[in-house]
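Presented below is the structure to which this report refers.
Positions are given from 1, in the same order as the sequence printed here.
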Amino acid sequence: MLGKTTPAPIRIEQMETARRHGDEQGALGLSTSLQYVPDRFASTDEIIELAKVAARYGGVYFTHQRSEGPYSSNRR
């Protein structure tokens, strides 16, 4: 649901509703992989708002991070 533009308030509301539905179904939280499309287009504020919804249900925020920085295990 994350896109290339800043989402309108109604879009944020739709994402929060979808997030809340997942939490009510037993999701553990919110996860992003900011290296990949479409997550790479998400703003920090967008992620924070969705993480707040997860937190209301005891969920957590996870980020999938790989190959970041000069000390990555993928660099030789």
Side-chain angles (χ1 to χ4, degrees):
M1 298 180 85
L2 305 174
K4 290 185 178 183
T5 61
T6 301
I10 187 69
R11 189 73 174 130
I12 289 286
E13 186 176 316
Q14 291 169 338
M15 287 187 277
E16 288 176 346
T17 298
R19 172 75 254 149
R20 188 170 41 256
H21 179 73
D23 293 323
E24 290 168 353
Q25 297 299 310
L28 298 175
L30 172 69
S31 177
T32 60
S33 181
L34 299 176
Q35 284 182 280
Y36 304 106
V37 174
D39 292 7
R40 73 173 27 190
F41 301 111
S43 71
T44 301
D45 290 338
E46 185 176 350
I47 295 168
I48 289 169
E49 289 308 309
L50 295 175
K52 285 178 183 177
V53 175
R56 277 180 262 180
Y57 290 86
V60 296
Y61 171 73
F62 299 96
T63 189
H64 173 76
Q65 184 172 333
R66 186 181 341 179
S67 305
E68 300 292 323
Y71 303 106
S72 169
S73 61
N74 292 333
R75 292 188 149 215
R76 302 216 187 261

Indicate every side-chain donor-acceptor pair of residues 20-30 with a distance under 3.5 Å to a residue at least two apart or in another chain.
{"unit_1": "Arg20", "atom_1": "NH2", "unit_2": "Thr17", "atom_2": "OG1", "d": "3.2"}
{"unit_1": "Asp23", "atom_1": "OD1", "unit_2": "Arg19", "atom_2": "NH2", "d": "2.6"}
{"unit_1": "Asp23", "atom_1": "OD2", "unit_2": "Arg19", "atom_2": "NE", "d": "3.3"}
{"unit_1": "Glu24", "atom_1": "OE2", "unit_2": "Tyr57", "atom_2": "OH", "d": "3.2"}

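- Partners of Glu13 by side-chain hydrogen bond (donor to acceptor under 3.5 Å, both in side chains), not counting sequence neighbours: none found.
- Leu34 is listed as a side-chain neighbour of Ile47, based on a closest heavy-atom distance under 4.5 Å.
- Under the salt bridge (charged side-chain N to carboxylate O under 4.0 Å, His left out) criterion, Glu16 pairs with no residue at all, not counting sequence neighbours.
- In this structure the side chain of Ile48 never reaches within 4.5 angstrom of the side chain of Tyr61, judged on heavy atoms.
- A distance of 10.0 Å separates CD in Glu49 from CE in Met15, rounded to the nearest 0.5 Å.
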